[in-house]
Amino acid sequence: MAEPSIKRPKGTQDITPKEVNKWQTVEVACKTTAEDYGFSEIRTPTFEDTKLFVRSVGDATDVVQKEMYTVTSKGDSEFTLKPEGTAGVIRAVIENGMLNEAFPQKLFYLTQCFRHEKPQAGRLREFHQFGCEIIGTKSPAADADLIMLAADVLERIGIVETKLNINSIGCPNCRAEYIKALREYFSQYTDTLCETCISRLEKNPMRILDCKSPICSEVAKNAPVILDYLCDECKEHFDALKGILDAMEIEYRVNPRIVRGLDYYTKTVFEFICDNIGAQATVCGGGRYDGLIRELGGADTPALGFAMGIERLLIAAKRGRAEFIDRASCDIYLASIGQDALLKTAQLARSVRDIGFIAEYDIVGRSLNAQMKYANKIKAKFSAVIGDDDIKKGIIKVKNMETGKIDNLRLDDSFAEKFGDILTDYILNDDLDFDCL
RNA sequence: GUGGGUAUAGCGUAGUUGGUUAACGCGUCAGUUUGUGGCACUGAAGACCGUGGGUUCGAAUCCCACUACCCACCCCA
């Protein structure tokens, strides 16, 4: 305590045992839903060659320009902690020759990401993403399946109040036309637009559509709409997607304003918005990135994906109707009186643990009373007290902590198995009672 | 990077015309209760009142600065 205490870095968090069950609930929902859709997990490094993100996420994006944690390692290599999940996955797919395997490749990941931003609700410097990628299909059926998967994940977690927004931002060809038209339109308003939007006019006029400044968004209201500029192929793709979503009764809103901030997106883009979780309301974002694999040196392959922010899912889940799984509680607490008995409880605990149940005993040196209080506190289902007499007699009383019912068990090799039977009965009966209710 | 808010035990809070030893609830530990927990009662530990200055006989309380956290802009998941 003499030294100044060391605190965790800004924008990071500790996930304590009280919270970790909520994380696990969300993680399990993500993982099992993805697996139900035929996705396999992929894990990639926490840091990558900086060039990977510059080339995929995009040179001019905020993420690359001002949010990356980049270090120069021994030697000349520059590495960056991953600011998002897709780039690393695509790099790995190319590097491991997975483009030669059967298409589509369907992959999911659950990973921490890092961006140097100013923290606020739903935005941290180290955060966690769940993402899914489908590689090797240009069919709009894939877009629809991916969106359905995202919707299912949210539903299974218990997040109900989300809105799906979709848009198409076209392919490089038709987008060029559109950007030209946008520039022409916004150029008329150079005296009213905000400063950042003026600079966007040159670099990326589509971002002006996203600006929340009242003046800019007022001007943007009458701006040309991308959907009017889509080429035949892009338009067909988008119409087909809408058709499938309609057929599957997935509600959506076409929102021509959604423009993703990462450069690799093409054609379909979408967001799931959750309004009651603060300003950072996008709980899931994704879209197509048909040009990315080629850009990263792989064969020209269409692909698409989405990412969800686990922290945001968690906020939404707490506000929604999520039911969080609890950690399994202790099956039996073995109290001891005296040193010989302590050794005995240690042996018994191990035998119970060997058959897959949770057993604890006194490793603190507490009085019997205190041991029992502790057993109660950790919600032990059963308890047993062992003293010299019991060891002599070779029989101990196992008590059901809920009902107070006591069973006598032999203190020999059969103990664990017999206790297992009692516990199984208890759990089955408990389920029956539950069903009757 | 720019705003706004907050800062008192592990957690949640009370504490303003400045006045002895900073209070309460929860939690933790122990005892009542060396062969049985929950309830109850008793007690204990735990706070340099965010940090540093200033005003004052006297500051958790007033003033200034700093820091941290939260929220929002921006950006995005």
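Convention: sequence-line order gives letters A, B, ...; per-chain numbering from 1. Worth saying up front: this structure is predicted, and the values here are computed from it rather than measured.
Among the heavy atoms of the strands, none lies under 4.0 Å from A/R8. Contacts of A/G286 with the nucleic acid, taken as non-hydrogen atoms under 4.0 Å apart, are absent. Residue A/G285 is in sugar-phosphate contact alone, with no base atom involved, counting any heavy-atom pair closer than 4.0 Å across all strands shown.
Nearest heavy-atom pair across A/D362 and A/V364 is OD1-N, 3.1 Å. The two residues A/V259 and A/L209 come nearest to each other via the heavy atoms CG2-CD1, 4.4 Å. Among all heavy-atom pairs drawn from A/V385 and A/I396, the shortest one is O-CG2, 4.3 Å. What you find for A/D331 and A/F419 is that their closest heavy atoms are O-CZ, 3.7 Å. Between A/F306 and A/A150, the shortest heavy-atom distance links the atoms CE2-CB, 3.8 Å. Heavy atoms only, all atoms of each residue included: A/N167 and A/P256 are closest at ND2-O, 3.2 Å.
Using a 4.0 Å cutoff on non-hydrogen atoms, the parts of residues 310-341 of chain A near RNA chain B are A/R312, A/I337, ordered by number.
Comparing B/G5 with B/C62, their P atoms sit 15 Å apart, to the nearest whole Å. Distance noted for atom C1' between B/G15 and B/U21: 15 Å (whole Å). Only the P atoms considered, B/U17 is 28 Å distant from B/C26, to the nearest whole Å. B/C71 and B/U55 have their C1' atoms separated by 33 Å, with the value rounded to a whole Å. Straight-line distance between the P atoms of B/A45 and B/G53: roughly 30 Å, to the nearest whole Å. Rounded to whole Å, the P atom of B/C63 lies 25 Å from the corresponding atom of B/U2. A distance of about 31 Å separates the P atoms of B/C29 and B/A7, rounded to the whole Å. A gap of 27 Å separates the C1' atoms of B/C39 and B/A23, to the nearest Å.
Distance NZ (A/K10) to P (B/C71): 12 Å, rounded to an integer number of Å. Regarding A/K18, its NZ atom lies at a distance of 13 Å from the P atom of B/G10, rounded to whole Å. If you take CG of A/D362 and C1' of B/U34, they are 13 Å apart, rounded to a whole angstrom. A/K7 places its NZ atom 12 Å from the P atom of B/G50, with the value rounded to the nearest Å. Note: CZ (A/F270) to P (B/A77) measures 11 Å, nearest angstrom. Remark: P of B/U34 and CG of A/D390 are 18 Å apart, rounded to the nearest angstrom. Regarding A/R125, its CZ atom lies at a distance of 14 Å from the C1' atom of B/C74, rounded to whole Å. Remark: C1' of B/C76 and CD of A/E271 are 9 Å apart, rounded to the nearest angstrom.
Nucleotide B/G10 has B/C26 as its partner under the Watson-Crick or G-U criteria, with both atom distances under 3.5 Å. Applying the Watson-Crick and G-U wobble criteria (two distances, each under 3.5 Å), B/C57 pairs with B/G19. When both pairing distances are held under 3.5 Å, B/U2 makes a Watson-Crick or G-U pair with B/A72. Checking B/U34 for Watson-Crick or G-U wobble geometry (two distances, each under 3.5 Å) identifies no partner in any strand. Under the Watson-Crick or G-U wobble criterion, with both distances below 3.5 Å, B/C66 is paired with B/G50.
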Check nucleotides 36-41 of chain B against the protein and report each pair of N or O atoms closer than 3.5 Å, with its distance, or say if there are none.
unit_1, atom_1, unit_2, atom_2, d
B/U36, O2', A/K399, NZ, 3.1
B/G37, N7, A/K399, NZ, 2.9
B/G37, N1, A/M401, O, 2.4
B/G37, N2, A/N376, OD1, 2.9
B/G37, N2, A/M401, O, 2.9
B/G37, N3, A/N376, OD1, 3.2
B/G38, O4', A/N376, ND2, 2.9

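The listed nucleotides are B/G35, B/C29, B/C76; the one nearest the side chain of A/Q280 is B/C76.
For A/Q120 and B/A72, the shortest distance from a side-chain N or O to OP1 or OP2 is below 4.0 Å. Between A/S367 and B/G31 there is a side-chain N or O to OP1 or OP2 distance below 4.0 Å.
Looking only at distances, no side-chain donor or acceptor of A/E126 sits under 3.5 Å from a matching main-chain atom of A/T12.
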N/O donor-acceptor pairs under 3.5 Å from side chains in residues 84-95 of chain A, not counting sequence neighbours:
unit_1, atom_1, unit_2, atom_2, d
A/E84, OE1, A/T86, N, 3.4
A/E84, OE1, A/Y264, OH, 2.5
A/E84, OE2, A/T86, N, 3.3
A/E84, OE2, A/A87, N, 2.7
A/T86, OG1, A/E133, OE2, 2.8
A/R91, NE, A/E95, OE1, 2.9
A/R91, NH1, A/E48, OE1, 3.0
A/R91, NH1, A/E48, OE2, 2.5

Can you list, pair by pair, the side-chain donor-acceptor contacts under 3.5 Å of residues 49-66 of chain A, counting residues two or more places apart and other chains?
unit_1, atom_1, unit_2, atom_2, d
A/D49, OD1, A/K51, N, 2.9
A/T50, OG1, A/E78, O, 3.2
A/T50, OG1, A/T80, OG1, 2.7
A/R55, NH2, A/E295, O, 3.0
A/S56, OG, A/L52, O, 2.8
A/T61, OG1, A/G58, O, 2.8
A/T61, OG1, A/V64, N, 3.4

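Residues A/G387 and A/G122 both approach RNA chain B. Their nearest nucleotides, taken by heavy-atom distance, put A/G387 toward the 5′ side. Sequence order on RNA chain B of the closest nucleotides to A/E67 and A/G11 puts A/G11 first from the 5' end.
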Between A/F382 and A/Y426, does a ring-ring contact (aromatic ring centres under 6.0 Å, His included) hold up when you go through it step by step? CA-CA 10 Å; A/F382 289 84; A/Y426 165 77; 5.4 Å; yes

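For A/H237, the ring pair (Phe, Tyr, Trp, His ring centres under 6.0 Å) test picks out no residue, with sequence neighbours left out.
For A/K242, the NZ atom is densely surrounded, since the number of other residues' heavy atoms within 6.0 Å is greater than 12. Counting heavy atoms of neighbouring residues, nucleotides and ligands inside a 6.0 Å radius, atom CG of A/N276 exceeds 12 of them.
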Annotated protein contacts, base or backbone, on nucleotides 1-8 of chain B with a non-hydrogen cut-off under 4.0 Å, one of B, S, - each: BBB-----

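In this structure, A/R43 forms no cation-pi arrangement with A/Y109, as its terminal cationic atom is not both closer than 6.0 Å to the ring centre and no more than 45° off the ring axis.
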